[in-house]
Asks: 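Dropping the structure in here first, questions after.
Letters A, B, ... mirror the listed sequences (proteins, then strands); counts begin at 1. Any value given below was found using the heavy atoms of this structure, including those in side chains, with hydrogens, waters and symmetry copies removed. Nothing here was measured: the structure is a model prediction, and the numbers come from that model.
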Amino acid sequence: MSRGMSRQAGADRSLRVSLRQLRRLVWVQIQNTLRLDGLGRKGKTGRFVLMGILYVFLAVLLLSYCYILAVGLGALGLSRLIPLYALTVSSLVTIFFTFLKANGSLFGCRDHELLTALPVPAWAVISSRFAVLYLFNFVFSLGVMGVMGAAYIPYAAGPLPWVFWIGGILFGSLIPTTIASIAAALVAGIASRFRYSNAVYILLTIVFLFAVLIFSFRMGAMDESQLNAGTIAALGDMLAGVLTRLYPPSAWFMEAVCDGNGVCFAAFAGSSVLLYLVFAAVLSVFYQKIQSGLTARHAARGYKLGRLKGRSALAALYQKEWKNFLSSAVYVTNMGVGVLMAVAAAAAVCFLGPDSILGSLNGLEGAGDSLERILLYLPVIILPMSNTACVSLSLEGRQLWILQSAPVKPRQIFLSKILVNLTIGLPGAVLSCLFLFIGLRPAPADALAILLLSAAAVCLTAVGGIWINLKFPRYQWENQMQVVKQSAASFCGIMGGLAVGIVLAFIAVKLSFAPLWATAGAEALALAVLTAVLWILLGRVKRLEGEE
Amino acid sequence: MLTIRHLTKTYKGGKRAVDDLSLTVENGDIYGFIGHNGAGKSTTIRSVVGVLDFEEGTIEIDGHDVKRDPLSCKQVTAYIPDNPDLYEHLTGIQYLNFIADIFGVEARDKEERIREYAERFEITDALGDSIGSYSHGMRQKTALISALVHDPKLLVLDEPFVGLDPKASLTLKEIMRELCARGGAIFFSTHVLEVAQKLCNKVGIIRQGKMVVDGEMDQLVRDHSLEELFMEVTENE
């Protein structure tokens with residue numbers, strides 16, 4: 001009896017210690033993640049105020065969109081769809097972006113060896129990493145579901161819907177974070193079994209992302225026969241069907257909030273927690289094996305020195321940079337995916353036809369010249385999101401000393417990084433334009449102008465990316481994810497590129513009275529001038545500054 | 001070969017890491033730069049090789065000012081930091097090839113030097129493996145070969161013996177002497193005072209950013225050991 005009690009007390013003590021370790025690990029991870037690119041250092045405050053304003057602006061845009069959408073649904077008498085929309089939108093976005101973040105957050109971290117040597121159980125390490133992913137996703141859910149909840153106020157009967165709504169915000173990101181982590185664990189697990197695990201990881205990640213996009217696309221397609229019924233109720237049923245097909249747990253949440261159904265909420269919350277617990281338990285068994293497989297390096301020995309060819313310094317820098325890009329799954333999947341998406345979108349327009357694409361988006365087929373212009377601007381909008389240059393300097397990290405002490409001008413180093421961006425961007429521009437031209441058959445002059453504009457957008461992205469990275473460098477990091485996904489430079493590079501593309505498309509639509517070749521040509525010229533100005537400014541950089 | 005005059009480096013937080021430091025390294029010199037942790041050795045070295053900017057003083061390498069003509073200085077200098085982080089995604093040979101091409105070394109010279117130094121450091125058979133798979137010592141050897149591949153006039157090394165096995169340490173000392181015999185110069189920091197005493201003809205001791213001893217080894221040490229001199233200087237001041 002006493003032995004049993006002492007064993008129980010020992011287990012309790014061990015659990016308490018593990019929970020304390022978990023708390024500390026989470027705290028360290030949060031501090032590490034929130035180390036905002038040197039915030040607080042002299043001379044950097046101004047930049048971060050600007051960054052803060054940009055973040056707030058984008059958050060206001062997103063939240064305003066969500067609020068207006070919810071108010072609109074309510075005004076149409078479709079208030080039941082508000083909780084459904086709130087949970088589905090926040091969950092799908094969470095799945096997509098958490099999957100991209102999981103490598104570097106859950107797997108492949110530099111501190112893995114350090115943590116493995118400590119007396120910390122695998123589940124605590126996994127939970128600490130998962131908790132950080134969850135916390136950031138929770139903030140996103142809080143924003144999206146918070147404002148949509150505000151729009152739902154007039155339709156809520158009594159306090160119970162609010163209890164469930166708050167529960168939805170708390171538990172809402174648990175299932176998507178777990179699903180994304182499971183997918184990432186599967187991809188990492190499969191990749192770790194191969195000699196070229198990195199290449200396999202990149203390939204599987206891209207396949208998964210496209211699978212998610214195609215799934216969303218197909219499941220999101222509307223049933224036009226239902227639309228033809230012409231009633232708001234039919235529209236509501238159809239949208240509810242689409243959303244619950246896209247994300248089944250949202251049906252439980254809708255019934256919990258709209259009908260005050262506690263059983264549905266219990267099913268929603270219980271399944272969220274249960275799914276995570278099963279995931280953590282199963283992963284903790286394989287975690288060490290996956291980590292070892294992903295970080296293992298092949299060492300063959302027996303090398304024989306053969307003939308070595310000479311290259312120019314620029315060629316050497318370019319090849320080094322290109323190898324660096326291809327060697328990093330995080331870098332390729334986050335910064336290269338824009339090119340793949342642009343080509344895929346253009347191919348869809350080409351093979352499925354523009355009416356089919358627009359119809360599946362929102363029943364907008366036949367909406368005219370404006371939509372055709374927007375489709376032609378797809379490469380200009382999507383390609384700048386593939387901005388490898390904007391993090392390329394930060395990714396030098398602890399190896400920056402090599403370039404700092406090398407007898408090459410900073411601009412030559414910048415050029416090698418710009419050329420890598422162009423190597424993936426320009427073929428992407430040509431290919432996506434080709435698909436669009438086959439599908440949309442624009443006039444030759446319009447086609448030429450769009451091609452030039454796409455190429456100019458890629459060039460501006462690359463040169464501007466270096467400029468951005470010089471303004472927001474982050475050389476001290478523990479895993480590349482902190483640079484590629486969480487740094488100010490990456491945010492400015494990706495969102496800035498997207499914003500420029502959207503503005504250019506908006507101008508083209510607004511100036512629909514003018515011939516497309518004239519608008520796109522003028523825009524291409526403007527981008528070329530801006531690129532040239534930035535290139536000249538880069539020439540004034542005399543030395544690569546590290547972090548002191 | 002290397003002249004530092006009144007070098008002062010203050011970090012952004014206000015800490016003065018190097019304070020009015022001057023020294024000269026002539027052709028043929030092996031200059032040992034010693035001091036406690038945080039005394040300012042690495043800051044001085046990083047300023048010399050152009051990794052760190054500095055606000056006061058001048059540094060000249062082979063007659064060129066490092067601020068006004070950094071490329072000429074870097075072209076004749078080789079630098080290895082105390083913890084040489086190399087590109088882990090490259091193989092050893094790819095890294096050496098990269099450095100040689102950056103310095104514009106002719107293909108034949110490159111091949112010859114890599115072959116020679118890789119054999120002397122006994123690392124040839126591992127050159128085809130990725131640097132990520134290397135031990136600390138192998139990385140250090142790779143960094144040393146990359147420093148020698150362009151036949152520098154000035155070798156600037158921060159704690160070069162850390163992580164090297166005894167055979168490799170001996171090889172490095174031989175190579176250092178050979179380079180100086182050819183008219184080159186070496187400026188290196190170390191905590192291994194016995195090595196500094198045997199290897200160097202000049203020594204400088206830095207304490208809290210200030211140079212407290214600078215001169216010929218023979219004249220400074222005389223009947224004492226360098227260790228005794230170091231302790232005397234750093235404890236008494």
Asks: Considering only heavy atoms, which portion of K309(A) lies under 4.5 Å from any heavy atom of chain B: side chain, backbone, both, or neither?
Replies: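 Backbone only.
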Asks: Working to the nearest 0.5 angstrom, can you tell me the gap between L308(A) CG and Q94(B) CD?
Replies: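 The CD atom of Q94(B) is 11.0 Å from CG of L308(A), to the nearest 0.5 Å.
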Asks: Side chain, backbone, both or neither: which part of L71(B) has an atom under 4.5 Å from a heavy atom of chain A?
Replies: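 Looking at L71(B), backbone and side chain both touch chain A.
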Asks: Considering residues, nucleotides and ligands other than W535(A), do more than 12 of their heavy atoms fall under 6.0 Å from its CH2?
Replies: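 For W535(A), atom CH2 is crowded (more than 12 foreign heavy atoms under 6.0 Å).
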Asks: Would you mind checking which part of P84(B) comes under 4.5 Å of any heavy atom in chain A, side chain (CB onward), backbone (N, CA, C, O), both or neither?
Replies: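 Its backbone and side chain both get close to chain A.
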Asks: Taking all non-hydrogen atoms of both residues, which atom of W401(A) and which atom of Y79(B) are closest, and how far apart?
Replies: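 Looking at all heavy atoms of both residues, the shortest contact is CZ3-O, 3.5 Å.
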Asks: Can you sort out the partners of R311(A) under side chain to side chain donor-acceptor pair (under 3.5 Å), two or more places apart, ordered by chain and number?
Replies: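 R311(A) satisfies side chain to side chain donor-acceptor pair (under 3.5 Å) with Q319(A), D101(B) once adjacent residues are dropped.
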Asks: Taking atom CZ of R543(A) as the centre, does the number of heavy atoms from other residues, nucleotides or ligands within less than 6.0 Å exceed 12?
Replies: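 Yes - once you tally the heavy atoms of other residues, nucleotides and ligands closer than 6.0 Å, there are more than 12.
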Asks: Which residues pass the side chain to side chain donor-acceptor pair (under 3.5 Å) test with T43(B), not counting sequence neighbours?
Replies: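 With sequence neighbours excluded, T43(B) shows a side chain to side chain donor-acceptor pair (under 3.5 Å) to Y11(B), given in chain and number order.
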Asks: Quick one: closest heavy-atom pair of E545(A) and D53(B), and the distance?
Replies: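 Smallest heavy-atom distance, with atoms named: OE2-OD2, 4.3 Å.
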Asks: Of all heavy-atom pairs between L86(B) and I402(A), which one has the smallest distance, and what is that distance?
Replies: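 Heavy atoms of L86(B) and I402(A) come nearest at CA-CD1, 4.1 Å.
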Asks: To the nearest 0.5 Å, how far apart are CD1 in I93(B) and CG in L305(A)?
Replies: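 Taking CD1 in I93(B) and CG in L305(A), the distance rounds to 4.5 Å.
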Asks: Look up atom OG in S405(A) and atom CD1 in I99(B), then write down how far apart they are to the nearest 0.5 Å.
Replies: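 The OG atom of S405(A) sits 7.0 Å away from the CD1 atom of I99(B).
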Asks: Looking at K153(B), I'd like to know if its NZ atom is crowded, meaning that more than 12 non-hydrogen atoms belonging to other residues, nucleotides or ligands lie closer than 6.0 Å.
Replies: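 Open: at most 12 neighbouring heavy atoms sit under 6.0 Å from NZ of K153(B).
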Asks: Measuring from atom CG of L90(B) to atom NZ of K323(A), what distance do you get when rounded to the nearest 0.5 angstrom?
Replies: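 Going from the CG atom of L90(B) to the NZ atom of K323(A) covers 6.5 Å.
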Asks: For residues A107(B) and G310(A), report the shortest heavy-atom separation together with the two atoms involved.
Replies: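 So the two residues come closest at CB-N, 3.8 Å.
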Asks: So, for L127(B) and Y303(A), which heavy atoms are closest and what is the spacing to 0.1 Å?
Replies: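 Nearest heavy atoms, L127(B) then Y303(A): CB-CD2, 3.6 Å.
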Asks: Against chain B, label K409(A) side chain, backbone, both or neither, depending on which of its atoms sit under 4.5 Å from a heavy atom there.
Replies: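 Contact with chain B involves both backbone and side-chain atoms of K409(A).
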Asks: Which heavy atom of V51(B) sits nearest to which heavy atom of Q404(A), and what is that distance?
Replies: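 Taking every non-hydrogen atom into account, CG1-OE1, 3.0 Å.
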